[in-house]
2 protein chains.
Amino acid sequence: MGGIDSRKGARPIATISDVAKQAGVSRTTVSRYLNGHLEQSSDNAQKVAQAISALKYRPNLLARSLRSATTHSVAVIVPDLTNPFYPELLSAVETCLAQHGIQVFVGQSRNDPRREPDMLRDYFSRQVDGIIYVAAKSQPDPVLRQIAESIPVLILDEEIVGFEQETIRVDHELGLYQAAKYLLDLGHRQLIYLAGPSHLVTTQLRIQGLQTALNERGGQAAVEIVAGGYSMDAGRMWAEQFVLHPHHPTAVLCANDLVALGVHRAFSKRGIAIPKTVSLLGFDDIFVSAMVSPTLTTVRQPLHHMGRMIADRLLQAGQRRHVPASRMVVPPELIVRESTAPPPW
Amino acid sequence: MGGIDSRKGARPIATISDVAKQAGVSRTTVSRYLNGHLEQSSDNAQKVAQAISALKYRPNLLARSLRSATTHSVAVIVPDLTNPFYPELLSAVETCLAQHGIQVFVGQSRNDPRREPDMLRDYFSRQVDGIIYVAAKSQPDPVLRQIAESIPVLILDEEIVGFEQETIRVDHELGLYQAAKYLLDLGHRQLIYLAGPSHLVTTQLRIQGLQTALNERGGQAAVEIVAGGYSMDAGRMWAEQFVLHPHHPTAVLCANDLVALGVHRAFSKRGIAIPKTVSLLGFDDIFVSAMVSPTLTTVRQPLHHMGRMIADRLLQAGQRRHVPASRMVVPPELIVRESTAPPPW
DNA sequence: TAAGTGGGTGGAATCGATTCCAGAAAGGGG
DNA sequence: CCCCTTTCTGGAATCGATTCCACCCACTTA
């Protein structure tokens with residue numbers, strides 16, 4: 001049953017010409033029907049409607065897009081979908097855009113900045129209406145610059161130096177300021193920050209926030225900064241070292257929740273009590289952070305809010321209304337849970 | 001300074017005709033150059049190459065696809081990106097496909113089967129080369145059937161009754177059989193299964209596996225089955241009830257890890273000890289499951305393996321070689337962690 | 001030298017839609 | 001009764017690529 005190949009070519013896909021022929025009108029008329037330029041009740045409209053459902057016709061969006069120069073699609077480039085933060089963001093963005101009939105490409109750079117130019121180019125060649133770009137680097141490349149002259153490119157989360165484009169990100173500086181202030185208020189004097197890659201602007205912003213908080217205490221407290229990565233492994237590896245380390249800080253701040261969870265795990269395994277012996281604080285507030293025990297104190301990025309803003313900006317830009325490039329910096333929120341407490345002494 | 005609108009239309013995007021004119025050859029020749037049908041060293045090739053880089057030309061993939069009837073894109077439809085299982089799957093699939101120059105649309109049905117026909121249709125209209133479909137229901141709809149006649153549709157994870165299409169899923173029956181057998185071997189006699197929606201084939205398969213394991217014991221053990229959802233809330237709500245429940249089962253099996261985590265949380269909060277008082281077992285093995293404490297015993301779906309298989313099937317189908325529709329059922333793996341132990345008595 | 005072969009080239013058709021424009025039909029007013 | 005306006009319709013151009021086919025040129029071979 002079903003013959004050898006029930007796939008391609010089995011049922012020829014109807015085109016607008018087929019519909020026109022079947023309905024006994026011109027392609028033009030069919031097109032007008034499709035785009036609502038034809039009186040619904042008219043005689044021709046009836047015939048077209050019938051032909052369409054008889055042939056199960058659906059317009060070829062490729063052809064339509066080619067002509068109309070808009071594809072109703074955008075690309076989202078993220079470093080890595082296995083970091084739960086990005087799917088959560090993606091989910092928010094996709095939900096908003098889907099409501100406006102925009103479909104979403106997703107690509108992972110795998111935290112390798114060298115892949116990014118090619119990815120940007122490929123999506124651009126596909127004529128996407130916009131690109132949402134969570135960059136894995138802070139240097140603008142010529143490809144990015146060129147593309148941004150033709151379609152809106154929203155830089156998310158990261159900041160790209162000297163690149164005057166739409167940017168939406170959380171206030172990293174404020175986030176770490178809040179976190180540090182909170183720990184200092186608890187009485188901690190010896191902090192450590194497991195930072196992200198040092199060449200990133202976000203990393204630098206965060207460190208500034210940290211410093212500001214320290215300066216307010218006028219040198220009573222100190223922080224050690226360790227550059228690293230954004231993975232659980234980064235946290236775990238550092239934690240393994242820490243165990244052997246002579247002078248123990250009393251609180252560990254992490255570049256993101258994944259790093260914090262790496263530390264969390266290693267500490268649990270090694271019997272280092274959180275928060276009794278050492279306090280632990282993350283960044284992002286991915287949903288896992290509320291699941292582990294003790295639950296993780298962290299700095300929340302308002303994901304859904306950001307997702308909606310992103311979608312809105314893109315939609316505005318898509319309508320060709322002039323939207324001046326702006327940088328939107330949204331405030332983070334400190335979520336206090338169980339992994340932080342006053343220092344043991 | 002960039003002026004009023006540095007967006008659309010600022011820099012006209014070069015087309016193949018522009019390149020042809022600039023190089024002093026015909027469009028045909030440029031096209032041949034692009035597709036490698038032109039001697040690299042030839043005089044014309046040089047001129048074309050120069051024109052391309054001068055104009056920063058990139059072919060319009062829409063136009064190319066329209067002509068060649070292949071878009072090098074596929075769509076992935078998942079119920080919900082906030083369930084970590086799907087991003088993990090998506091990540092594996094995207095990685096494999098990207099290596100072959102195929103780009104990926106992603107869409108969420110939000111667990112609402114009524115959205116699915118529209119989504120399928122939209123992607124089909126975009127002429128995707130294939131659809132990877134994690135269905136939220138087990139009934140085939142006419143739209144799905146029609147689309148599958150033209151392009152490959154891979155049904156993932158779920159089974160659609162009476163629909164003879166490519167299917168790739170884990171052996172649900174075996175998975176629950178293994179899990180139940182393991183618990184029975186530990187000495188449990190009173191089980192409960194927090195199942196997914198009862199109209200899904202997967203749910204029924206799982207229950208069969210469960211029954212098989214029980215039957216092997218010849219009625220010494222019993223299981224209660226509760227139909228529910230796939231969310232943490234579903235688990236949490238059941239757990240709240242459980243606390244008041246008179247006859248306590250000694251082990252709880254869950255439809256997925258998310259449900260198990262909901263139970264996990266509620267139990268922790270209510271002071272019910274896992275696995276001392278009650279054993280807990282999930283399904284999927286999302287990465288969170290290894291993070292909570294106690295860590296969760298679960299049935300692992302071999303995601304990366306499945307991702308690769310999916311991509312492979314799609315690529316084969318894309319080459320129009322005839323690939324007979326097949327159902328691939330991959331074995332799951334029981335991952336024993338800390339949330340299971342012999343019953344307390 | 002003429003005929004045959006082969007590779008390189010460009011004109012034109014094509015993919016499936018939208019849209020400009022001109023012509024036909026219908027309706028209204030003088 | 002005729003003319004002008006308005007509405008409806010379809011032919012043809014267009015979007016940006018690929019590809020068929022005919023042509024030209026140079027080179028080999030009888």
Side-chain angles (χ1 to χ4, degrees), chain A residues 8-9 12-48 51-52 55-73 121-122 124-129 150-151, chain B residues 8-9 12-48 51-52 55-73 121-122 124-129 150-151:
Chain A
K8 278 209 157 62
I13 296 174
T15 72
I16 198 170
S17 297
D18 300 329
V19 174
K21 199 183 299 170
Q22 173 103 357
V25 297
S26 74
R27 294 209 303 276
T28 312
T29 301
V30 177
S31 173
R32 276 198 265 262
Y33 173 85
L34 294 172
N35 295 287
H37 303 322
L38 197 58
E39 195 68 42
Q40 281 294 323
S41 58
S42 80
D43 193 41
N44 276 348
Q46 296 298 323
K47 288 192 288 187
V48 171
I52 285 178
L55 295 172
K56 298 192 200 302
Y57 166 76
R58 294 240 85 204
N60 181 326
L61 295 185
L62 244 42
R64 178 177 286 180
S65 293
L66 177 60
R67 186 66 230 261
S68 61
T70 162
T71 54
H72 296 282
S73 68
R121 250 199 295 256
D122 286 347
F124 181 61
S125 294
R126 273 190 201 276
Q127 315 294 111
V128 294
D129 293 339
S150 298
I151 59 171
Chain B
K8 279 214 154 60
I13 297 174
T15 72
I16 198 172
S17 296
D18 299 328
V19 174
K21 199 182 301 171
Q22 173 101 358
V25 299
S26 74
R27 294 208 303 274
T28 310
T29 301
V30 177
S31 174
R32 275 199 266 261
Y33 173 84
L34 293 172
N35 295 287
H37 302 322
L38 197 58
E39 193 70 41
Q40 281 292 321
S41 59
S42 81
D43 193 40
N44 277 347
Q46 296 298 321
K47 288 193 288 186
V48 171
I52 285 177
L55 295 171
K56 299 188 196 305
Y57 167 77
R58 295 238 86 203
N60 182 326
L61 295 185
L62 245 40
R64 178 177 287 180
S65 293
L66 177 59
R67 185 67 230 262
S68 61
T70 161
T71 55
H72 296 283
S73 67
R121 249 199 297 253
D122 286 348
F124 181 61
S125 294
R126 275 192 200 274
Q127 316 292 114
V128 294
D129 293 340
S150 297
I151 59 172

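Residue numbering restarts at 1 for every chain, and letters A, B, ... go by the order of the sequence lines.
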Could you tell me how far apart [X] ([atom1]) and [N] ([atom2]) are, to the nearest whole angstrom?
| X | N | atom1 | atom2 | answer |
| --- | --- | --- | --- | --- |
| B/His37 | D/dA17 | NE2 | P | 16 Å |
| A/Asn35 | C/dT18 | CG | P | 5 Å |
| A/Leu61 | C/dT18 | CG | P | 9 Å |
| A/Leu38 | D/dG10 | CG | C1' | 13 Å |
| A/Tyr33 | C/dA17 | OH | C1' | 17 Å |
| B/Arg58 | D/dG16 | CZ | C1' | 15 Å |
| A/Gln46 | D/dC8 | CD | P | 15 Å |
| B/Leu62 | C/dT18 | CG | P | 13 Å |

Inset, instruction - Report which part of the nucleic acid A/Thr15 touches: base, sugar-phosphate, or nothing (heavy-atom distance under 4.0 Å, all strands). - result: sugar-phosphate
Inset, instruction - Specify the closest pair of heavy atoms between B/Arg27 and B/Ser17, including all atoms of both residues, with the distance to one decimal. - result: CD-OG, 3.0 Å
Inset, instruction - From the options A/Asn44, A/Val19, A/Ile52, select the one residue that forms a side chain to side chain contact (heavy atoms under 4.5 Å, CB included) with A/Tyr33. - result: A/Ile52
Side chain of [X] only, heavy atoms from C-beta on: which candidate in [options] is closest?
| X | options | answer |
| --- | --- | --- |
| B/Ser31 | C/dA17, D/dT18, C/dG16 | D/dT18 |
| A/Val25 | D/dT18, D/dG10, C/dA17 | D/dG10 |
| A/Arg32 | D/dT9, D/dG16, D/dA17 | D/dT9 |

Inset, instruction - Under the side-chain contact (heavy atoms from CB on, under 4.5 Å) rule, what do A/Val25 and A/Val30 come out as? Steps first, then yes or no, please. - result: CA-CA 7 Å; A/Val25 297; A/Val30 177; 3.9 Å; yes
Inset, instruction - Report yes or no: is there a donor-acceptor pair, N or O only, under 3.5 Å between the side chain of B/Thr28 and the base of D/dT18? - result: no
Legend entry - N/O (side chain, A/Thr29) to phosphate O (OP1/OP2, D/dG10) under 4.0 Å: yes
Inset, instruction - Answer yes or no: does a side-chain N or O of B/Asn44 lie under 4.0 Å from OP1 or OP2 of C/dT9? - result: yes
Legend entry - Validation row: A/Asp122, B/Arg58 side chains within 4.5 angstrom (heavy atoms): yes
Legend entry - Whether A/Arg126 side chain and B/Thr71 backbone form a donor-acceptor pair below 3.5 Å: yes
Inset, instruction - Hey, which sits more toward the 5' end of DNA chain C by its nearest nucleotide, B/Arg67 or A/Val30? - result: B/Arg67
